Amino acid sequence: MEWGGGWYLQDCFRVTIRDCGATGLANPFSIVGSVVELTVDNFANNGDKQPKTVLGSYGVYMGTKKYNDGNNIKMPEGINFINCKFVRQDVGVHALGLFVQFLNTEFDYSSKFGGFYAGGDKVDFINCYVASQSARDNDFVAFMVQAYAPQTPEPVSIINCTINMQKNSIKDKKSFGIKLSGGAITLNAARVENCFFRGDGYNSCIFIEKSNAVIIRGNTFRVSGQNINIVSVKNMTLCDNFGLGEFVLPQPDGTECWIITGNTGNFAKVDLTKAKNSLIVNQSLSANHIY
C-alpha cells in the first residue's frame, strides 16, 4: 500500500469526523489543498503493525496544492483536531495551513517528531501530549518549528503541552523537547507557554536559534539537564520558567532586546555588559541589569 491511510481529504468544505478510530493505519489523515472547516473530534489510531509506505508514517499530514485559478497555491483552512490520539506514528502531525488547531490531542510513542510545523498562518498546539519511542534510529524533536516566510511573522503557539521523553536506547542520536529554528532565515513570533517537560534523554528541553520576537514563559522543567539553550535570538521574553537544570544564553552584541525575569534555575556564565536594550533581573545570572 503506497499511502497506508484512512481519510484523504481534498477540495471539501465543512466536514466533521467524530467518535471513531482505527488500528494499523500508517497515515490516518491526509489533508491537501482547499480543505476548509474540518473538525475531527474524538478519533484514535493505534499504529501498531502499520504497513510500510512511500510517504512514511504520519498521524496527520497536511499539504498545499496548486490550482489553475487566481489563488494558485491553496492550503487547508480552519482545521481543528480535538480530543484525538495517534499512537506509534513516525510523525504525529505535519501541520500546515491557516487557523489550524490541535487541542487536547496526544501523539504517543512518536519516533521522529510529535508536532511538526510546516508553514502557514496561525498554527496552535494547545494542551497536547507527546511521548517518544524508546528506540529511535534518528534525532527526535517533540515539537519542531521552522521558519518558512522571510521577514514575516509565523505565529506558532505551543501552549499547556506535556512532553514525556524516554532516553533513546540507540546511541548518538539527539533528542529535543521543542526546537524553534530559523535555519537559513529568521523565525518570527513563535511562543512556548506553560508547557511541562519530564522524563530523560533530552539534549535540550527548549532549543532556540536564529529567532526573533519569541515568548518563552511559565514553563516547568522536571529535568536536571539543559532546560533552555538559546543560540541566537534578537527580541525575546523569557519569564517565569521553573527549571531544575541549566539555562544557556548567547553572548549579546548590543542589538538584542531581551526581557529576562522570574526564572528559577541555573544560568550558564555569560557577560551581559553589552545587553544595553534589555531588562534582565534574575537570580543566578552573573549580574542583574536594568537599562
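No experiment lies behind these values; they were computed from the predicted model shown.
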> Is the shortest side-chain heavy-atom distance between Trp258 and Ile280 below 4.5 Å?
yes
> Does any non-hydrogen side-chain atom of Met236 lie less than 4.5 Å from one of Glu256?
no
> Starting at CD1 of Ile163, measure out to CD1 of Ile206 and round the result to the nearest 0.5 Å.
7.5 Å
> Write down the atom of Cys257, the atom of Asn277, and the distance for their closest heavy-atom approach.
SG-O, 3.4 Å
> Are Trp7 and Phe81 joined in one hydrophobic group, where the rule is that I, L, V, M, F, W and Y side chains link up if heavy atoms are under 4.5 Å apart?
yes
> Would you compute the distance between atom CD1 of Ile126 and atom CD of Gln101 and round it to the nearest 0.5 angstrom?
4.5 Å
> Spell out, as yes or no, whether a donor-acceptor pair under 3.5 Å connects the side chain of Thr264 to the backbone of Phe242.
no
> Indicate the atoms forming the closest heavy-atom contact of Met62 with Leu96, along with that distance.
CE-O, 2.9 Å
> Is any side-chain heavy atom of Arg191 closer than 4.5 Å to one of Ile158?
no
> Is it true that Gln226 and Ser204 share a donor-acceptor pair across their side chains at a distance under 3.5 Å?
yes
> Does Gln251, at its CD atom, have more than 12 non-hydrogen atoms belonging to other residues, nucleotides or ligands within less than 6.0 Å?
yes
> Out of the candidates Asn241, Asn227, Asp240, only one should pair with Asn219 under the side-chain hydrogen bond (donor to acceptor under 3.5 Å, both in side chains) rule; please name it.
Asn241
> What closest approach, in Å, do Pro28 and Gly59 show between heavy atoms, and which atom pair accounts for it?
CD-O, 3.4 Å
> Would you give the length of the straight line joining atom CG of Asp137 to atom NZ of Lys173, rounded to the nearest 0.5 angstrom?
5.5 Å
> Strictly distance-based, threshold 3.5 Å: is any side-chain N or O of Tyr202 a donor or acceptor partner for the main-chain N or O of Arg198?
yes
> For a 4.5 angstrom cut-off between non-hydrogen side-chain atoms, does Cys239 reach Thr261?
yes
> State whether the number of non-hydrogen atoms from other residues, nucleotides or ligands found under 6.0 Å of Lys112 atom NZ is greater than 12.
no
> Taking the side chain as everything from C-beta on, heavy atoms only, tell me whether Leu238 gets closer than 4.5 Å to Ile228.
yes
> Please tell me whether Asn42 and Asn83 have a donor and an acceptor in their side chains that are separated by less than 3.5 angstrom.
no
> Of all the heavy-atom pairs spanning Gln283 and Phe267, show the shortest one and how long it is.
O-CD1, 4.1 Å
> Would you say the side chain of Met165 lies within less than 4.5 Å of the side chain of Val223, judging by non-hydrogen atoms?
no
> Give the intermediate values and the outcome of side chain to side chain contact (heavy atoms under 4.5 Å, CB included) for residues Ser181 and Met144.
CA-CA 8 Å; Ser181 177; Met144 181 71 200; 4.0 Å; yes
> Find out if a path of hydrophobic residues (ILVMFWY) with successive side-chain heavy-atom gaps under 4.5 Å connects Leu38 to Tyr67.
no
> Donor-acceptor check, side chain of Ser30 to backbone of Tyr8, threshold 3.5 angstrom: yes or no?
no
> Judged by modelled atom types alone, do Thr39 and Asp41 share a side-chain donor-acceptor pair under 3.5 Å?
no
> Just wondering, are more than 12 heavy atoms of other shown residues or ligands nearer than 6.0 Å to NZ in Lys167?
no
> Are Tyr148 and Phe143 grouped together when hydrophobic residues (ILVMFWY) are joined by side-chain heavy atoms under 4.5 angstrom apart?
yes
> Answer whether the closest heavy-atom distance between the side chains of Leu249 and Leu285 falls below 4.5 Å.
yes
> Using the ring-ring contact (aromatic ring centres under 6.0 Å, His included) rule, pick out the option among Phe43, Tyr117, Phe125 that qualifies with Phe102.
Phe125
> Can you see which heavy atom on Glu154 is nearest to which on Ala147, and at what distance?
OE2-CA, 3.3 Å
> For Phe116, give me all partners under ring pair (Phe, Tyr, Trp, His ring centres under 6.0 Å), at least two apart in sequence or on another chain.
His94, Phe113
> Report yes or no: do Tyr129 and Asn164 form a side-chain donor-acceptor pair below 3.5 Å?
yes
> Looking at Ile259, I want to see if its CD1 is surrounded by more than 12 non-hydrogen atoms of other residues, nucleotides or ligands under 6.0 Å.
no
> Where the side chain of Asn212 meets the backbone of Lys234, is there a donor-acceptor pair that is under 3.5 Å apart?
no
> Calculate, to the nearest 0.5 Å, the distance between atoms SG and CD1 belonging to Cys195 and Ile159 respectively.
8.0 Å
> Linking I/L/V/M/F/W/Y whenever their side-chain heavy atoms sit closer than 4.5 Å, directly or via other members, would Leu103 and Ile31 fall into one cluster?
no
> Could you check whether Asp11 and Ser34, counting side-chain N and O atoms only, form a donor-acceptor pair closer than 3.5 Å?
no
> Does the Lys171 side chain pair with the main chain of Asn168, one donor and one acceptor, at a distance under 3.5 Å?
no
> Show your reasoning for whether side chain to side chain contact (heavy atoms under 4.5 Å, CB included) applies to Val130 and Phe140.
CA-CA 11 Å; Val130 174; Phe140 177 80; 4.0 Å; yes
> Return the OG to CG distance between Ser284 and Asn263, rounded to the nearest 0.5 Å.
8.5 Å
> Side chain of Asn138, backbone of Ser111: donor and acceptor closer than 3.5 Å?
yes
> Rounded to the nearest 0.5 Å, what separation is found between the CG atom of Asn80 and the CG atom of Asp124?
9.5 Å
> Could you see if Val231 belongs to whatever hydrophobic cluster contains Ile208? Use Ile, Leu, Val, Met, Phe, Trp, Tyr and a side-chain cutoff under 4.5 Å.
yes
> Which label fits Phe86 and Phe29: parallel for a plane angle under 30°, tilted from 30 to 60°, or perpendicular past 60°?
perpendicular
> Looking just at side-chain N and O atoms, do Ser232 and Glu209 make a donor-acceptor pair shorter than 3.5 Å?
no
> Apply side chain to side chain contact (heavy atoms under 4.5 Å, CB included) to Val192 and Val145, showing your working.
CA-CA 11 Å; Val192 180; Val145 182; over 6 Å; no
> Asp69: which residues meet the salt bridge (charged side-chain N to carboxylate O under 4.0 Å, His left out) condition with it, sequence neighbours left out?
Lys74
> Is the backbone of Ser175 close enough, under 3.5 Å, to the side chain of Asn203 for a donor and an acceptor to pair up by distance?
yes
> Please evaluate residues Phe196 and Arg222 with respect to the criterion side chain to side chain contact (heavy atoms under 4.5 Å, CB included), reporting the C-alpha separation (whole Å), side-chain torsions for both, the decisive distance (0.1 Å), and the verdict.
CA-CA 8 Å; Phe196 177 49; Arg222 200 160 73 187; 3.9 Å; yes
> Quick one: do the Tyr109 and Asp48 side chains pair a donor with an acceptor below 3.5 Å?
no
> Would you call Val270 and Pro252 a side-chain contact if the rule is heavy atoms closer than 4.5 Å?
yes
> Which atoms form the tightest heavy-atom contact between Ile185 and Lys210, and what is the distance?
O-CD, 3.6 Å
